[in-house]
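The structure appears right after this line, and notes come after that.
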Protein chains: 2
Amino acid sequence: MTDSLPPIQTTARDDAVLKALAGFVRQEALGPGEKLPTERILAERLKVSRNTVREALTRWEGLGLVERRQGSGTYLKAAVSPDMLHMPLTLAGGNDFAGLMRTLEIRRALEAEAAALCAIRAGKAEIAEIERKLNIMEEAFHTRAGMSSEEDWEFHQSVYRASGNPLFEQIIAAMHELFHRFWEHPLGVRDFGHASFPYHRTIFNCIAAHDPEGARREALKLIATVENDLKRGAANLKLSDRR
Amino acid sequence: MTDSLPPIQTTARDDAVLKALAGFVRQEALGPGEKLPTERILAERLKVSRNTVREALTRWEGLGLVERRQGSGTYLKAAVSPDMLHMPLTLAGGNDFAGLMRTLEIRRALEAEAAALCAIRAGKAEIAEIERKLNIMEEAFHTRAGMSSEEDWEFHQSVYRASGNPLFEQIIAAMHELFHRFWEHPLGVRDFGHASFPYHRTIFNCIAAHDPEGARREALKLIATVENDLKRGAANLKLSDRR
DNA sequence: GTGCAGAAATTGGTTGGACCATTGAACCAC
DNA sequence: GTGGTTCAATGGTCCAACCAATTTCTGCAC
């Protein structure tokens, strides 16, 4: 009967600090890259100990919202608003090849859905932006004679953004980071991803034609080529030697 | 030219503390719910200040790995291993109806893929377990004459587990938590989700028949009914009144 | 012995102050 | 300009207390 009576908060200093800081960021309209007040100033203004400020900032740093540089200051890394919801995921044992394939399975699911939604929702401006990124990527591919992961990634991001759901970009970006941390570590990118090249344009064509099922199908093909490349590479390279 | 020269790490005290703690947890074979050493003992044993220990534990707490209870101790909340990868997601402005629908789009993508993978990979034991959960859910539905979110959720979890990729369960669980935090707050669950009931068995039938495309199709239907229920509910309830 | 109230010990939370390490800007010699 | 040097600002670490919540122990009443 007396559920939903939240326990009173007698101590939640660091949470309060974060709330105040989020309000400050909003009020000052601070964006990514900008510097926020020093710990000492925050401690003084908020009437709490510097240690408490540090614990609060440590939370934000762990969430990737903020970056601390000794001797320089604390800088925003992402947009912050007072009504954020946090969803920390921890993936145990993701450092091996099997873990890599698992992230690809997630990416396959999200990539296909994002492409389909993008085909439904993208307006003229978004389609033009995607095409711009596609052209950049294709030019880089032809001049440097190989996949360039940077431009490739930019193309995909523009698709995620046009899907109208920022969660796609966030989750896939996290996967992407995991992916690169493992893959580019040993000896740099090889011929990797070469076979996936043509599907970028077929995906774009489906998006431009507002064909969600086609976009989904082509995105699945793209991921399938990446998976095959990975499996071949793993077989050749004796991945078990690593780490 | 001089790429791949990572900056050297001169100080990383709290990271070192976390690594040592992860090793300790592994060595002692500690599982969720168990208590780990007090901050004072950790500080003494690791030869660092208690403050540093606290910063490290604050990181883990923010990641949901650990729970601290004042006056009692610090307890493990999840399994930890030295080679974990963290992926914190922050969803800005997820407190409204649009944010809820965005989480559902992610869930649609993952649910369909997980069901398909499950149809491919589930062995006899997994299928039996899923059927068990399904029967429990159906019985609860008939006796209580309505969807029971607890048993429903258990059924879905068993599908994710049988997909062979723990990431599905982790990500969807995070979405699920977000979902409930928003939805069950105002006035409890209404008739919600009633229409999705029959699809649970059709999904199971496809999984048992090892029909991945059928499982994907039925899963998409299930999410579609939930989306429709939500939209109808939102239109009726004037959700804009909230918050 | 049992039960329970109160004291005592334990443990995370907070404070204030100190010092170290790194950074970046100002300054200076060349 | 170039390359050092100095110096203030800033995050990182440490220490020693004390506060607040919890748990455990103790001793008294029965």
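Just so it is clear: chains get the letters A, B, ... in the order the sequence lines come, proteins before strands, and each one is counted from 1.
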Whole angstrom is fine here: how far is it from [atom1] in [X] over to [atom2] in [N]?
X: Arg54(A); N: dG13(C); atom1: CZ; atom2: P; value: 17 Å
X: Gln70(B); N: dG12(C); atom1: CD; atom2: P; value: 10 Å
X: Tyr75(A); N: dT23(C); atom1: OH; atom2: P; value: 11 Å
X: Leu46(A); N: dT15(C); atom1: CG; atom2: P; value: 11 Å
X: Glu55(A); N: dT15(C); atom1: CD; atom2: P; value: 10 Å
X: Glu44(A); N: dT14(C); atom1: CD; atom2: P; value: 20 Å
X: Leu42(A); N: dG12(D); atom1: CG; atom2: C1'; value: 16 Å
X: Leu57(B); N: dG13(C); atom1: CG; atom2: C1'; value: 13 Å

Is the closest basic N to carboxylate O distance between [X] and [Y] below 4.0 Å?
X: Arg161(B); Y: Glu126(B); value: no
X: Arg132(B); Y: Glu129(B); value: yes
X: Arg108(B); Y: Glu111(B); value: no

Taking the nucleotide of DNA chain C with the nearest heavy atom to each, does Arg40(A) or Thr74(B) sit closer to the 5' end?
Thr74(B)

Looking at DNA chain D, which of residues 62-69 of chain A put a heavy atom within less than 4.0 Å of it?
Arg68(A), Arg69(A)

Side chains of Val80(A) and Trp60(A), heavy atoms from C-beta outward: is any pair under 4.5 Å?
yes

Any side-chain heavy-atom pair from Phe24(B) and Leu30(B) closer than 4.5 angstrom?
yes

Which residues pass the side chain to side chain contact (heavy atoms under 4.5 Å, CB included) test with Glu139(B), not counting sequence neighbours?
Thr143(B)

What pairs meet the salt bridge (Lys or Arg N to Asp or Glu O under 4.0 Å) rule with one or both residues in residues 60-69 of chain B, with sequence neighbours excluded?
Arg59(A)-Glu61(B), Glu39(B)-Arg68(B), Glu61(B)-Arg68(B), Glu67(B)-Arg69(B)

Under 4.0 Å, heavy atom to any atom of DNA chain C: which of residues 16-39 of chain A qualify?
none

Could you verify whether a donor N or O on one side chain and an acceptor N or O on the other, from Glu55(B) and Thr58(A), lie under 3.5 Å apart?
yes

Quick one, Leu21(A) with Leu46(A), criterion side chain to side chain contact (heavy atoms under 4.5 Å, CB included). Give me CA distance, side-chain angles, the key distance, then yes/no.
CA-CA 9 Å; Leu21(A) 236 186; Leu46(A) 298 174; 5.7 Å; no

Across all chains, not counting sequence neighbours, the ring-ring contact (aromatic ring centres under 6.0 Å, His included) partners of Phe155(A) are His200(A)

Main-chain N/O of Ser72(A) paired with Lys35(A) side-chain donor or acceptor, under 3.5 Å:
yes

Protein-nucleic acid N or O pairs under 3.5 Å, nucleotides 14-16 of chain D:
residue, atom, partner, partner atom, Å
dC14(D), OP1, Arg13(B), NE, 3.3
dC14(D), OP1, Arg13(B), NH2, 2.7
dC14(D), OP2, Ser49(B), N, 3.0
dC14(D), OP2, Thr52(B), OG1, 2.5
dC14(D), N4, Asn51(B), ND2, 3.2
dC15(D), N4, Asn51(B), ND2, 3.0

